[in-house]
Trainee: 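One structure, pasted below without further comment.
Counting starts at 1 for both ligands and their atoms, in listed order. Both backbone and side-chain heavy atoms feed into the values below; hydrogens, waters and symmetry mates do not.
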Amino acid sequence: MDIRTLFGIVHPIIQAPMAGVQGSALAIAVSNAGGLGSLPCAMLAPEAMGRELEALRAGTAKPFNVNFFCHETPVPSAEREAAWRAALAPYFAQFGIDAATIPAGPGRIPLSAEAADVLERFRPAVVSFHFGLPSPSLLARVKSWGSKVLSSATTVEEATWLEAHGVDAVIAQGAEAGGHRGMFLTDDLTTQMGTLALVPQVVRAVKVPVIAAGGIADRAGVEAALALGAAGVQVGTAFMLCPEATTSAIHRRALASAAARHTALTNLFTGRPARGIVNRLMRELGPMSDRAPAFPLATAGIAPIRAKAEASGSGDFSPLWSGQNAEGCLEIPAAEVIRRLAGTR
Ligand SMILES: Cc1cc2nc3c(=O)[nH]c(=O)nc-3n(C[C@H](O)[C@H](O)[C@H](O)COP(=O)(O)O)c2cc1C
């Protein structure tokens with residue numbers, strides 16, 4: 001099925017939901033330009049999410065996507081937290097931070113029944129998930145409103161699992177992609193393959209439309225994905241310098257510099273592997289470390305170090321999420337990014 005018909009959009013291009021670097025403004029601009037704009041909710045409590053959805057509804061009459069993480073909230077382990085704080089101790093000392101005063105707390109929120117109550121008022125055309133799918137009852141609620149459901153697969157096994165559990169389309173997330181790996185059936189990074197290898201294998205394995213994600217930054221990338229059998233693309237990094245994004249000045253500087261050519265998968269910032277520009281913390285403690293607490297609990301210990309460093313203009317301790325291809329990441333309006341990707345300019 002053509003995803004333009006499935007979602008009611010002009011171009012088969014989804015703006016990837018990107019928690020922490022965008023809100024409703026980017027989604028509105030993309031949907032109004034004929035793509036599918038997305039609102040990430042992983043860092044929004046239900047009340048803030050409701051405000052963003054009001055803004056989206058006021059800003060566009062076009063379809064949009066609302067995105068949720070669906071991880072299990074882990075039981076904190078005092079032992080692991082202590083090991084993590086010990087690993088971070090030199091940085092606490094450097095910045096004069098009293099580790100005893102750092103509040104614990106989740107850095108990312110999964111879809112909850114309370115969030116679903118808010119979402120029900122808006123009944124978005126599309127709801128997408130990362131890290132699998134929510135509980136069968138929450139998924140059934142979302143589907144009962146007529147929302148089309150998407151989720152990311154990083155392996156052929158995850159794609160067939162998602163199809164068997166009722167998604168309307170699968171996002172094949174290649175290893176080039178910025179931000180968190182959507183992996184949920186395995187935590188073995190050696191299973192992760194590039195977009196060029198993953199997309200055709202997923203296309204052969206499932207009947208639902210496949211949306212290619214990871215490393216797509218220009219029209220040639222879109223055409224390559226379509227040639228591999230994808231029904232559309234999901235693009236993230238290329239939107240991060242748009243004026244409608246909320247990407248921080250430090251993050252923007254890194255994306256626009258040669259440093260963006262060196263990214264790695266790291267679990268240091270949240271506890272799950274995610275791709276970001278290599279910085280001091282990744283060089284010194286990782287990029288992968290078995291000392292990091294379970295997702296999303298690693299976030300709390302880093303937060304005060306990051307805040308101190310950012311206050312002096314440094315991204316040494318910030319998650320500088322980026323895909324491997326930041327070439328399409330330009331300071332241009334989101335509608336212009338859509339025109340370039342669609343080949344209509
Ligand atoms: C800054 C950033 C934040 C992201 N946050 C999310 C998110 O909240 N939810 C999600 O499903 N995917 C998220 N992703 C992953 C994207 O959905 C997508 O897989 C990725 O951006 C595609 O690769 P590209 O960045 O090379 O275009 C994020 C990606 C980036 C770069």
Side-chain angles (χ1 to χ4, degrees), residues 13-23 26-27 30 35-44 49 52 65-71 107-111 126-134 149-154 158 162 167 170-184 192 194-196 198-199 211-218 221-222 224-225 230 232-242 245-248 250-252 254-255 260-261 263 265-266 269-270 272-277 295-296 315 318-329 337 341:
I13 300 167
I14 303 175
Q15 164 251 314
M18 295 184 287
V21 304
Q22 57 124 161
L26 183 64
V30 168
L36 187 70
S38 300
L39 178 72
C41 296
M43 294 166 81
L44 295 178
M49 181 187 128
E52 285 288 66
N65 167 39
V66 184
N67 169 262
F68 295 91
F69 283 2
C70 35
H71 55 283
R108 303 288 188 283
I109 323 165
L111 176 65
V126 183
V127 174
S128 76
F129 296 103
H130 217 41
F131 312 137
L133 288 170
V149 171
L150 310 180
S151 184
S152 301
T154 68
E158 287 176 351
L162 289 173
V167 298
V170 167
I171 302 157
Q173 190 197 31
E176 297 93 323
H180 285 95
R181 305 291 311 137
M183 54 207 299
F184 61 95
Q192 302 294 285
T195 306
L196 193 71
L198 180 65
V199 169
I211 294 153
I216 300 166
D218 54 20
V222 174
V233 296
Q234 175 160 299
V235 175
T237 300
F239 288 98
M240 289 178 69
L241 289 181
C242 292
T246 58
T247 315
S248 72
I250 288 169
H251 202 161
R252 282 177 190 266
L255 284 164
R261 296 206 191 96
T263 65
L265 292 175
T266 179
F269 295 102
T270 64
R272 265 189 193 255
R275 184 172 295 285
I277 297 170
F295 180 89
S318 308
L320 301 172
W321 302 147
S322 171
Q324 286 181 329
N325 186 358
E327 292 280 299
C329 196
V337 178
L341 293 170

Trainee: I'd like to know if the side chain of Arg252 and the backbone of Cys242 have a donor-acceptor N/O pair within less than 3.5 Å.
Mentor: yes
Trainee: Check ligand 1 against Val235 and write out every atom of the ligand that is under 4.0 Å from a heavy-atom position of the residue.
Mentor: 27 (O)
Trainee: Given 3.5 Å as the limit, does a donor-acceptor pair link the side chain of Thr246 with the main chain of Val21, or not?
Mentor: yes
Trainee: Looking at non-hydrogen atoms alone, which of Arg275, His251, Gln324, Met18 comes nearest to atom 3 (C) of ligand 1?
Mentor: Met18
Trainee: Hey, which atoms in ligand 1 end up nearer than 4.0 Å to a heavy atom of Ala16?
Mentor: 16 (C), 17 (O), 18 (C), 21 (O)
Trainee: Which protein non-hydrogen atom lies closest to atom 1 (C) of ligand 1, naming both residue and atom, and how far is it?
Mentor: Trp321 CB, 3.5 Å
Trainee: Should you measure from each heavy atom of His130, which atoms of ligand 1 turn up under 4.0 Å away?
Mentor: 10 (C), 11 (O), 12 (N)
Trainee: Is the backbone of Ser38 close enough, under 3.5 Å, to the side chain of Gln15 for a donor and an acceptor to pair up by distance?
Mentor: yes
Trainee: Pair Val149, Leu133 - check side-chain contact (heavy atoms from CB on, under 4.5 Å), show working.
Mentor: CA-CA 9 Å; Val149 171; Leu133 288 170; 4.1 Å; yes
Trainee: Counting only heavy atoms closer than 4.0 Å, does ligand 1 sit against the backbone of Phe69, its side chain, both, or neither?
Mentor: side chain
Trainee: Would Gln234 count as being in polar contact with ligand 1, using the rule that some N or O on each side must be under 3.5 angstrom apart?
Mentor: yes
Trainee: Is any N or O atom of Gly236, backbone or side chain, closer than 3.5 Å to an N or O atom of ligand 1?
Mentor: yes
Trainee: Test your reading of the structure: does Asn67 have an N or O sitting under 3.5 Å from an N or O of ligand 1?
Mentor: yes
Trainee: Of all the non-hydrogen atoms in the protein, which one sits nearest to atom 15 (C) of ligand 1, and at what distance?
Mentor: Gly178 O, 3.4 Å
Trainee: I need the contact type for Met240 against ligand 1. Using non-hydrogen atoms and a strict under-4.0 Å cut-off, is it side chain, backbone, both or neither?
Mentor: side chain
Trainee: Does the ring centre of Trp321 sit less than 6.0 Å away from the ring centre of His180?
Mentor: yes
Trainee: Provide, to 0.1 Å, the distance between atom 8 (O) of ligand 1 and the closest protein heavy atom, together with that atom's residue and name.
Mentor: Ala19 N, 3.1 Å
Trainee: Taking N or O atoms only and a 3.5 Å limit, does Ala238 qualify as a polar contact for ligand 1?
Mentor: no
Trainee: Look only at the side chain of His71 and the backbone of Phe295, and say whether a donor-acceptor pair between them is shorter than 3.5 Å.
Mentor: no
Trainee: Is Val21 in polar range of ligand 1, meaning some N or O pair under 3.5 Å apart?
Mentor: no
Trainee: Does any N/O atom on Gly215 come nearer than 3.5 Å to any N/O atom on ligand 1?
Mentor: yes
Trainee: Within the 4.5 Å heavy-atom criterion, are Ile14 and Leu150 side-chain neighbours or not?
Mentor: yes
Trainee: Which of the numbered atoms in ligand 1 are below 4.0 angstrom from a heavy atom of Gln173?
Mentor: 15 (C), 19 (O)
Trainee: What atoms of ligand 1 come within less than 4.0 Å of a heavy atom belonging to Ala177?
Mentor: 19 (O), 20 (C), 22 (C), 23 (O), 26 (O)
Trainee: Mind listing the closest non-hydrogen atom pair of Ser322 and Thr263 along with its distance?
Mentor: O-CG2, 3.9 Å
Trainee: Just to check, does Pro17 reach to within less than 4.0 Å of ligand 1 when the distance is taken from its heavy atoms?
Mentor: yes
Trainee: Do me a favour and list the nearest non-hydrogen protein atom to atom 24 (P) of ligand 1 with residue, atom name and distance?
Mentor: Thr237 OG1, 3.6 Å
Trainee: When you measure from the side chain of Asp218 to the backbone of Gly328, do you find a donor-acceptor pair of N or O atoms at a distance under 3.5 Å?
Mentor: no
Trainee: With a 4.5 Å heavy-atom cut-off, do Gln192 and Leu265 have their side chains touching?
Mentor: no
Trainee: So is Ala42 touching ligand 1 or not, going by heavy atoms under 4.0 Å?
Mentor: no
Trainee: Does the side chain of Arg272 come within less than 4.5 Å of Arg108's, by heavy atoms?
Mentor: no
Trainee: Might you point out which heavy atoms bring Gly323 and Thr237 nearest each other, and give the distance in Å?
Mentor: N-OG1, 2.8 Å
